[in-house]
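Take a look at the structure below.
Any value given below was found using the heavy atoms of this structure, including those in side chains, with hydrogens, waters and symmetry copies removed. Remember, predicted model here, so these are calculated numbers, not experimental data. In what follows, residues are counted from 1 in the order of the sequence shown.
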Amino acid sequence: MLNGALRRLGKYYSPINNKELHTRQFQAHLKHRELQYMEYLRSNFIGDFDSQNSLARYLQLRAELAALSPILIGLNRTMTCQTW
């Protein structure tokens, strides 16, 4: 019943957007787990390093890890009362 009323008044209510909060929390999560993620990534390429193979893919993934954002992984969905 409440959702129906909110839908009818929808133009007066802007969508809920927590982009800044999501970004801060996600960056804090990445920072908190940074060593764990880097160690996991390194462990998957130790064979290539020991064999003196190219580490281009490792470098690419390391850069992508550093550039992750909640927007890129879909955590910043704009919510309205209809999506609750």
Side-chain angles (χ1 to χ4, degrees):
M1 193 167 188
L2 177 60
N3 280 341
L6 290 174
R7 275 188 215 103
R8 287 188 294 278
L9 299 172
K11 67 180 181 177
Y12 299 106
Y13 296 95
S14 61
I16 296 170
N17 184 325
N18 290 320
K19 179 180 176 181
E20 294 81 16
L21 176 63
H22 287 166
T23 299
R24 283 195 314 270
Q25 288 181 330
F26 189 73
Q27 292 302 326
H29 169 79
L30 288 178
K31 189 67 175 168
H32 178 73
R33 302 233 183 237
E34 182 178 20
L35 293 176
Q36 179 183 2
Y37 293 150
M38 290 306 295
E39 186 57 35
Y40 180 78
L41 186 58
R42 286 182 192 124
S43 70
N44 282 286
F45 285 89
I46 194 71
D48 289 327
F49 176 80
D50 288 343
S51 300
Q52 297 183 343
N53 293 334
S54 172
L55 295 175
R57 180 72 176 141
Y58 164 77
L59 294 173
Q60 176 188 0
L61 291 172
R62 190 176 73 174
E64 288 177 11
L65 180 62
L68 278 179
S69 76
I71 296 169
L72 290 175
I73 64 170
L75 293 179
N76 189 38
R77 295 190 183 107
T78 300
M79 293 176 51
T80 64
C81 61
Q82 291 90 355
T83 62
W84 294 350

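No continuous path of hydrophobic side-chain contacts links Leu30 to Leu21 [ILVMFWY only; heavy atoms under 4.5 Å].
The side-chain hydrogen bond (donor to acceptor under 3.5 Å, both in side chains) test with Gln36 is passed by exactly one of Arg33, His32, Glu39: Arg33.
A 6.0 Å sphere centred on OH of Tyr40 holds no more than 12 heavy atoms belonging to other residues, nucleotides or ligands.
Between atom CZ of residue Arg42 and atom CG of residue Leu61 there is a gap of 13.5 Å, rounded to the nearest 0.5 Å. Distance CG/Leu41 to CG/Leu59: 9.5 Å, rounded to 0.5 Å.
In terms of heavy-atom proximity, Ala56 sits nearest to Ser54 at N-OG, 3.1 Å.
Glu64 pairs by the side-chain hydrogen bond (donor to acceptor under 3.5 Å, both in side chains) definition with Gln60, not counting sequence neighbours.
By the 4.5 Å heavy-atom criterion applied to side chains, Tyr58 and Asp48 are not counted as neighbours.
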After noting the C-alpha distance and the side-chain angles of Phe45 and Arg57, does the key distance pass the side chain to side chain contact (heavy atoms under 4.5 Å, CB included) rule? CA-CA 9 Å; Phe45 285 89; Arg57 180 72 176 141; 3.9 Å; yes
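Side-chain atoms of Gln25 do not come within 3.5 Å of backbone N or O of Glu20 as any donor-acceptor pair.
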